[in-house]
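Whatever order the structure lists them in is the order used to number ligands and atoms, beginning at 1.
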Amino acid sequence: MKFAKDFLFGAASASYQVEGAWNEDGKGISNWDVFSKIPGKTFEGTNGDIAIDHYHRYKEDIKLMAEMGLESYRFSISWPRIIPNGVGEVNQKGIEFYNNIINECLSYGIVPFVTLYHWDMPQVLEEKGGWINKETIDAFLNYSEVCYKAFGDRVKHWITFNETVVFCGLGYLAGAHPPAIVGDLNKYFQATHNVFLAHAKSIELYKSLKQYGEIGITHVFSPAFSIDNKEENIIAAKHANEIDTNWYYDPILKGEYPKYVVDIIEQKGIKIDWTDEELQIIKRASDKNDFIGLNYYQPQRVMKNNMDEEVERNRENSTGAPGNPSFDGFYRTVKMNDKKYTKWGWEISPEAFLEGLRMLKGRYGDIKIYITENGLGDEDPIIEDEIVDIPRIKFIETHLKAVKNAIEEGINLKGYYAWSVIDLLSWLNGYKKQYGFIYVDHKNDLARKKKASFYWYKHIIETRGEDI
Ligand code: BGP
C-alpha cells in the first residue's frame, strides 16, 4: 500500500525551540525567556535566546525542507512576538516574520500547519496568573483572532494548543515548566479547564470567520496498559487512562468531562471555577473540531502503586516514562524487562501506538487524526563527518508502519509529522537530545547538515511509503 495523495508527510518545530531572536524586532518577553534563566531549571542552563537562529535562517531551513520533499511544516507562532504584552498593541514585525515563513513555505508548495500555543506565553500574562486567570482566555481569543485574520487567507490548518497535559502538569504539579508551581491540584485542574474553554471559544471564533480551513487541538497520546492480567493493575491502567487521556480528550471530542475524574476531583475537595455557561460553550464547540492532533512518543506501562503519599511528576514521567508513581499516588509507571527504551528512558513501542489508536477509535469514533509529533530523541552517531542516525530511521519506519496498519483498519489518519524537522532546543535537555532530519553544528556557527534520515525521509515521501 502507498499512502494516499492527500496524506500529508510533514515534520514539526516550535517557536521557542528554534527561533532565537528573543528580544528582537519588538518581541515581548515570554514566560520561557524568564523561566529558562532561573538557575538549575534547564539542562546546563540552556535557553532559547538564540536557539538555532531560525528567525534569521528560515529561508535556508525551508529550502532544506523543500529539498527533503516535505509536504507540510508544522510550526508555532510565538504569542509575545505578535502581541508583546499579551493584550493590546500588535507588533507588525512579528506579523511580517510569520508572513515570511508562510509565504516561503507556500513558494515551495509546503503546507503550513500552525500551532497557536506551544507554551511560550507573554510573561506579562504569566505574572497575572497565566492559565489560572480567566482573563488569559480572552487574551488568547484576541491573539488567535489576530492570527486568523493576518494569516488565515493562506493558513488552512490550525492547532490551538500543544499538549495541555504537559504545560499544566509540569507547570502546576511538577514545577518543571513555568510557572514552576509544585503540587497544586486546584491550579492544575483549573488551568486545564481554562485552556479547554479558550480552545472552545477560539474554534467558534474561527468558524465564524468563514475561512474554510480546518482547526483542532494537539494532545499527548500516551495510552496506558496494565503490565499483566492482575485485576488491581488493570484497574490502575484504567485510572491512568481516565486521568491522563479522557480528562483531556473528552471535553474536546465529547464536550463533557469524564465522570470518573470529576468524582475524584470532588472527593479530593478540589474546587474548579466552572460556570454552566462555560460548560455549555465547551459542549457546543465539541462538534466543531475538524481533527485531533496526537503527539505519540511512548505508552505508559502501569501497575497499582502501593505507596500512599502523593508524589511529584517530572518531565520524564509526565509523558509516561517509567519509574515514578502518579501524582495522586494511585498507580505507578514501570520499566519492563521485555521492552525497549531510548537513552532517555522513553519506551519504543509502535505496537502500543497502534493499540492506542484502536482504543481512541473505540471511544471517539471516526474523528480525523493527524500525528502531529513522533520521533526519537537520541545522541546521533557521527562517523567520518556523516550523521548516521540509523536508530531514528528505524524508529520512524516502524511507527509509519503502525500508521499504515491503522489506516488499513479504517482509522481516519490524514498525516504524519515527525518531531523534529531540524535539531532544536529540547525544553529541559538542551541540544544534547536530538530529534531532527537536519543537524545543527553548535561548534561551527550553527551550520546545517543533512543526516542519513534526511535522505531516507525524502525517499519515503517520493515513493509514498510504498516500501514500508
Ligand atoms: C513534546 C513537545 C515538543 C518536544 C517533544 C520532545 O512534548 O511538544 O515541543 O519537546 O516533546 O521532548 P523532549 O525534548 O523533552 O525530549
Answer yes or no: does an N/O atom from [X] fall short of 3.5 Å to an N/O atom of ligand 1?
| X | value |
| --- | --- |
| Lys433 | yes |
| Trp419 | no |
| Trp119 | no |

Does any pair with a residue in residues 11-22 pass salt bridge (Lys or Arg N to Asp or Glu O under 4.0 Å), and if so which ones, sequence neighbours excluded?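 Passing the test, one end in residues 11-22: Glu19-Arg81.
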
Classify the contact between Ser426 and ligand 1 as side chain, backbone, both or neither, using a heavy-atom distance cut-off of under 4.0 Å.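 It is both parts that get close, each with some atom under 4.0 Å.
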
Any heavy atom of Tyr16 under 4.0 Å from ligand 1? The part involved is neither

When you measure from the side chain of Ser76 to the backbone N and O of Ser15, does any donor-acceptor pair fall under 3.5 Å?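 Yes.
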
Only one of Tyr188, Phe189, Phe161 passes ring pair (Phe, Tyr, Trp, His ring centres under 6.0 Å) with Trp131; say which it is.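 Only one option passes, and that is Phe161.
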
Please identify which of these residues, Tyr73, Tyr370, Trp158, meets the ring pair (Phe, Tyr, Trp, His ring centres under 6.0 Å) condition with Phe113. Tyr370

Taking a cutoff of less than 4.0 Å between a non-hydrogen atom of the residue and any ligand atom, is Val166 in contact with ligand 1? no

I'd like to know if Asn162 contacts ligand 1, where contact means a heavy-atom distance under 4.0 Å to any ligand atom. yes

Atom pairs and distances, side-chain donor-acceptor, residues 57-68, under 3.5 Å, sequence neighbours left out:
residue, atom, partner, partner atom, Å
Arg57, NE, Asp53, OD2, 3.4
Arg57, NH1, Asp445, O, 3.0
Arg57, NH1, Leu446, O, 3.2
Arg57, NH2, Asp445, O, 2.9
Asp61, OD1, Arg448, NE, 2.8
Asp61, OD1, Arg448, NH2, 3.4
Asp61, OD2, His54, ND1, 2.8
Asp61, OD2, Arg448, NH2, 2.9
Glu67, OE2, Lys450, NZ, 2.6

Could you name the option among Tyr435, Trp427, Phe43 that has the heavy atom nearest to atom 10 (O) of ligand 1? Trp427

Against heavy atoms of His118, which atoms of ligand 1 measure under 4.0 Å? 2 (C), 3 (C), 8 (O), 9 (O)

Counting each atom of ligand 1 from 1 as listed, which ones have a heavy atom of Asn429 under 4.0 Å away?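 This gives 15 (O) as the contact atoms.
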
Strictly by modelled atom types, are Ser72 and Tyr417 linked by a side-chain donor-acceptor pair under 3.5 Å? yes

Should His459 and Tyr455 be marked as a ring pair (Phe, Tyr, Trp, His ring centres under 6.0 Å) after you check the CA-CA gap, both sets of side-chain angles, and the distance that decides it? CA-CA 6 Å; His459 173 75; Tyr455 300 100; over 10 Å; no

